[in-house]
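Down below is the structure, laid out as structure tokens.
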Amino acid sequence: MQKFILVIVCGFWSMLSLAQNKVVLHADDAKTQISKHIYGHFAEHLGRCIYDGIYVGENNVIIPQTGGVRNDVIKALKDLQIPNLRWPGGCFADTYHWKEGIGPKNERRHIENLSWGNIREDNSFGTHEFLNMCELLGAEPYLAVNMNSGTVQEAVEWVQYTNHANGTSYLTDMRAKYGRDKPWNVKYWGIGNESWDCGGDMSTDHYISLYRQYATAMTSYGNTEKLFRIAVGPGHSGQYNWTEDIMKNVPARRFEGISIHHYSVIDWSNKGSSSAFTDEQYFKTMQQAWLIEGFVSKNSEIMDKYDPEKRVALIVDEWGGWYDTDPEGKGQLYQQNTIRDAMIAGLTLNVFNNHADRVRMANLAQTVNVLQSVILTKEDKMILTPTYHVMEMYKVHQDALMAPVEVISSDFVLDGKRIPAVSISASIDGAGKMHISLTNIDNTKIQQVEIDINGYQAKTISGRILTAARVQEGNTFESPTKVTPKSFKDYSLSNNKLTVNMPPHSVVVLELIK
Ligand code: AHR
């Protein structure tokens, strides 16, 4: 993991607006795989994420689509190498009855979205539409089971419907009748969502008993596939007892992962604008974003006590920045995406990479038009956000071996408050190329980073950077490519020491080839 040895702010360098940072990169010690699933996404029936953002209907002749899913969104997500997609929620999952979303569209029950604005939905995007879309994307589906208003039977039947061989029951006959012979073989199953809040406001004892019922029933009836069952974990640092109780009381054979959620929110009652924010709000968002390091470390520490072999994965299945809804987006939780979000993404993904021994899946909230989206849509137009570009730049880490880093970072300081300015992670891929991703969240200073790459004899280096003149900048429908990655050359290599000059609020990814 990224280790902060010591924090130095050198007066001389800060006078020049150039701060110094030192990194030792252990290329020889690259052993732990960074699961590609850390680069996963999350799409909920919320605002304009599914309907309008992803799905526009099979009969739509204005927006090019395949099976009702926007072609522009499919292409963008494929380019991102999206490894998995979590659906249908979020809070919505605990109100969702999957059987209402299959069969002829004109016979599907219309529902009221009880979690998000009581909007009427026609259920035209259901299990078939979602799973077929995942196939198109080459992404693993991750289904969240309704534990609050659903039943164990409903969950068991969803597993049968999606995973069992043709002809095994009326459920698979129904699947075939509705157009799908062979099973989709869904591996990832979340059992409940935020069960300590919108998912039922349960005590840990109640959740654990119920979880054991679900987890047993979902896998005990000759299921053909080994399911990866994910238990609900905590959503903030006051809930570590939740992790402790799960690890202690759920038998090892009944779970494969625990999920945690972390949103970078300044203040739940006053989240602030997504694009017109002050320096103080920017700093507070970065403080919140950095909390992920401690949250992951502490949860891992608890898990290590019960599971030193690291069998159980820690899954951050909701993360990202959360601001006030931007009315321009005409949808709940729609927000503009700026360089501030690129900073959250850069540092958070570095934290996940560095904790790859335990963090084996993560899902950014949410894919299109909701919270920290990678894509925004307006009618037939689509834009890629700064967060999209960070995920695209970082995709080189997917399934590569993490090279541990030790970091001495300067501080990013505002009104006497301090947080590390620089975060970094590195990996070596199957072809032997090394990728180093760096984020400088300081919006006032250039950060000079000296990286000792001992043990890696680089012959060629290339780089890309994402930045803009101001942290408030993002892409708009009028100016869709204002913030895009550019080629980066402000580095030098001498005696195995790589010196990188990172402009304020920038994300850099370097590729080194032997
Ligand atoms: O992502 C939006 C909401 O945030 C999800 O529905 C819920 O799980 C979380 O509180």
Side-chain angles (χ1 to χ4, degrees), residues 40-51 53-54 84-96 111-119 121 125 130 142-150 188-202 207 211 230-239 242 257-269 271 274 285 288-289 291-292 295 314-326 329 331-337 341 344-345 348 361-376 385 387:
H41 292 264
F42 165 40
E44 180 168 11
H45 288 236
L46 197 183
R48 294 174 47 237
C49 181
I50 296 291
Y51 294 109
I54 290 176
N84 69 67
L85 187 57
R86 177 176 183 243
W87 176 84
C91 296
F92 177 81
D94 274 304
T95 67
Y96 183 66
I111 55 160
E112 182 182 346
N113 187 330
L114 297 169
S115 306
W116 301 107
N118 304 88
I119 307 287
E121 295 194 6
F125 189 86
F130 174 70
Y142 167 13
L143 293 176
V145 162
N146 180 349
M147 200 190 193
N148 190 25
S149 64
Y188 296 101
W189 295 82
I191 303 185
N193 170 75
E194 297 193 351
S195 306
W196 30 265
D197 187 25
C198 68
D201 202 4
M202 302 178 198
Y207 174 77
Y211 174 89
I230 299 161
V232 168
H236 55 83
S237 56
Q239 291 179 312
W242 192 287
I258 294 188
S259 82
I260 59 172
H261 291 176
H262 177 68
Y263 285 104
S264 301
V265 192
I266 295 172
D267 173 354
W268 284 104
S269 56
K271 302 185 205 74
S274 59
T285 311
Q288 292 298 313
L291 293 180
I292 190 69
F295 197 38
L314 184 63
I315 291 176
V316 191
D317 59 13
E318 290 186 27
W319 67 272
W322 192 325
Y323 320 110
D324 286 339
T325 297
D326 181 346
Q332 274 196 305
L333 305 197
Y334 178 96
Q335 54 190 49
Q336 176 54 293
N337 196 288
D341 297 284
I344 298 176
T348 304
M361 187 193 277
N363 306 78
L364 177 64
Q366 299 192 4
T367 321
V368 187
N369 294 334
V370 167
L371 300 177
Q372 191 176 338
S373 309
V374 285
I375 294 169
L376 299 175
T385 66
T387 303

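When a ligand or atom number is given, it counts from 1 through the structure's own listing order.
- Listed by number with element, the atoms of ligand 1 under 4.0 angstrom from any heavy atom of Cys91 are 5 (C), 6 (O), 7 (C), 8 (O).
- When each atom of ligand 1 is checked for a heavy atom of Gly90 under 4.0 Å away, the hits are 5 (C), 6 (O), 8 (O).
- Neither the backbone nor the side chain of Asp197 has any atom closer than 4.0 Å to an atom of ligand 1 (non-hydrogen atoms only).
- In terms of protein heavy-atom proximity, atom 10 (O) of ligand 1 is nearest to Glu194 OE1, 2.8 Å.
- Close approach of ligand 1 to Asn193 is summarised as follows: ligand atoms under 4.0 Å from at least one heavy atom of the residue are 8 (O).
- A salt bridge links Glu318 with Arg86; the closest basic N to acidic carboxylate O contact falls under 4.0 Å.
- Every atom of ligand 1 is numbered from 1 in the order shown, and the set under 4.0 Å from a heavy atom of Gln366 is 1 (O), 2 (C).
- Residue-level proximity to ligand 1 for Trp116 is carried by the side chain, the only part with a heavy atom below 4.0 angstrom.
- Close contacts of ligand 1 with Leu371, meaning ligand atoms under 4.0 Å from a residue heavy atom, involve 1 (O), 2 (C).
- Looking only at atom types and distance, the side chain of Gln366 has no donor-acceptor partner in the side chain of His41 under 3.5 Å away.
- In summary, the atoms of ligand 1 found under 4.0 Å from a heavy atom of Phe42, numbered by their order in the structure, are 1 (O).
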Check step by step if ring-ring contact (aromatic ring centres under 6.0 Å, His included) holds for Phe42 and Trp319. CA-CA 9 Å; Phe42 165 40; Trp319 67 272; over 10 Å; no
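- Checking Glu44, Glu318, His261 against atom 7 (C) of ligand 1, the nearest heavy atom belongs to Glu318.
- For the atom pair OG1 of Thr387 and CD1 of Ile344, the computed distance is 7.5 Å after rounding to the nearest 0.5 Å.
- Between Trp87 and Tyr96, the ring planes lie perpendicular to each other; the angle is over 60°, past the 30° to 60° tilted range.
- Of all non-hydrogen atoms in Val265 and Gln288, the two that sit nearest each other are O-CG, 3.2 Å.
- Residue contacts with ligand 1 leave out Phe92, since none of its heavy atoms falls under 4.0 Å from the ligand.
- Checked against a 6.0 Å centroid threshold, the rings of His236 and Phe295 do not count as neighbours.
- The side chain to side chain contact (heavy atoms under 4.5 Å, CB included) with Pro234 is formed by just one residue from the set His262, His261, Gln239, Glu194; it is Gln239.
- For ligand 1, the polar-atom distance check finds an N/O of Tyr263 within less than 3.5 Å of one of the ligand's N/O atoms.
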